[in-house]
Chemist: 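Quick one: structure below, then a few questions.
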Amino acid sequence: MAKKTSTSVYIAALLLLLGGVGALLYTGFSEGSVYFLNVKEALAVPAEKLTSARLFGTVAGQNLTRTSDGRTVTFQLVDKDTPSMTMAVTYTGVVPDTFKAGAEVIVEGGRQPDGTFKAATLMTKCPSKYQKENREKNGL
């Protein structure tokens with residue numbers, strides 16, 4: 001009878017361990033999940049449902065403004081495939097040196113009730129000219 005009891009304890013311990021790992025994986029993925037959308041897709045989602053997302057697109061040439069301290073920028077993010085689709089974005093923080101009109105960017109944040117996307121992070125894609133220069137330097 002001692003053998004049955006020890007086997008039961010091992011099975012129970014294994015089930016607890018697997019349950020704990022499963023719970024950690026579930027909470028980790030559900031809390032850290034962020035939608036990655038283009039502007040057209042983001043505009044199709046109601047503002048109250050788009051509280052955490054990453055958007056990618058191109059910075060429009062018009063309506064690009066910076067505050068006097070240079071830490072807050074507002075701009076229109078243009079959909080790469082459908083240029084008529086744009087979304088207003090506001091970002092406060094360190095603005096990358098390569099940020100300018102025409103730059104491809106990724107912003108992460110959420111959509112406000114007024115439709116503006118409030119970005120917590122702003123990343124610019126390296127222009128292809130830098131990639132070309134690096135290839136030439138490396139003999140590729």
Chemist: About how many Å separate CG of L16 and CD1 of I11, when rounded to the nearest 0.5 Å?
Modeler: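 Between atom CD1 of I11 and atom CG of L16 there are 12.5 Å.
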
Chemist: Is there a donor-acceptor pair closer than 3.5 Å between any side-chain N or O of R111 and the backbone N or O of A42?
Modeler: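 At least one qualifying donor-acceptor pair exists.
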
Chemist: Is any side-chain N of the basic residue among K80 and E104 closer than 4.0 Å to the acidic one's carboxylate O?
Modeler: yes

Chemist: Considering only heavy atoms from C-beta outward, does the side chain of V39 approach that of F117 to under 4.5 Å?
Modeler: no

Chemist: How far does OG1 of T58 sit from NZ of K125, to the nearest 0.5 angstrom?
Modeler: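 T58 atom OG1 to K125 atom NZ measures 9.0 Å (nearest 0.5 Å).
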
Chemist: Quick one: does L122's side chain get under 4.5 Å of F75's, heavy atoms only?
Modeler: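 The answer is yes, as the side chains (C-beta and beyond) meet within the 4.5 Å cut-off.
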
Chemist: P83 and T86: which non-hydrogen atoms are nearest, and at how many Å?
Modeler: O-CG2, 4.0 Å

Chemist: Is there side-chain contact between F99 and R66, with at least one heavy-atom pair below 4.5 Å?
Modeler: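 Side-chain contact under 4.5 Å: yes.
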
Chemist: How long is the straight-line distance from NZ of K118 back to OG1 of T92, given to the nearest 0.5 Å?
Modeler: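 Separation between the atoms: 5.0 Å.
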
Chemist: So, for A101 and A60, which heavy atoms are closest and what is the spacing to 0.1 Å?
Modeler: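 Taking every non-hydrogen atom into account, CB-O, 3.9 Å.
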
Chemist: So how far is it from D81 CG to E41 CD, rounded to the nearest 0.5 Å?
Modeler: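 Spacing of CG (D81) from CD (E41) equals 9.0 Å.
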
Chemist: Give me the atom names and distance for the closest heavy-atom approach of V45 to K49.
Modeler: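 Minimum heavy-atom separation between V45 and K49: CG1-CB, 3.9 Å.
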
Chemist: Take a 6.0 Å sphere around CG of D114 and say whether it holds more than 12 heavy atoms from other residues, nucleotides or ligands.
Modeler: yes

Chemist: Does the side chain of V107 come within less than 4.5 Å of Y91's, by heavy atoms?
Modeler: no

Chemist: Ignoring hydrogens and angles, tell me if any N or O in the side chain of N38 forms a donor-acceptor pair with the backbone of D79 under 3.5 Å.
Modeler: no

Chemist: How long is the straight-line distance from CG of D97 back to OG1 of T124, given to the nearest 0.5 Å?
Modeler: 8.5 Å

Chemist: Taking it one step at a time, do T74 and T65 satisfy side-chain hydrogen bond (donor to acceptor under 3.5 Å, both in side chains)?
Modeler: CA-CA 5 Å; T74 57; T65 60; 2.4 Å; yes

Chemist: So do M85 and V78 actually touch side chain to side chain, heavy atoms under 4.5 Å?
Modeler: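 Counting from C-beta outward, V78 and M85 never come under 4.5 Å.
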
Chemist: Might you point out which heavy atoms bring K100 and V59 nearest each other, and give the distance in Å?
Modeler: O-CB, 3.5 Å

Chemist: Please report the shortest heavy-atom distance between M87 and G115, naming the atom on each side.
Modeler: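 Scanning both residues, the minimum pair turns out to be CG-O, 4.1 Å.
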
Chemist: Are T90 and T72 side-chain neighbours, meaning at least one heavy-atom pair lies under 4.5 Å?
Modeler: yes

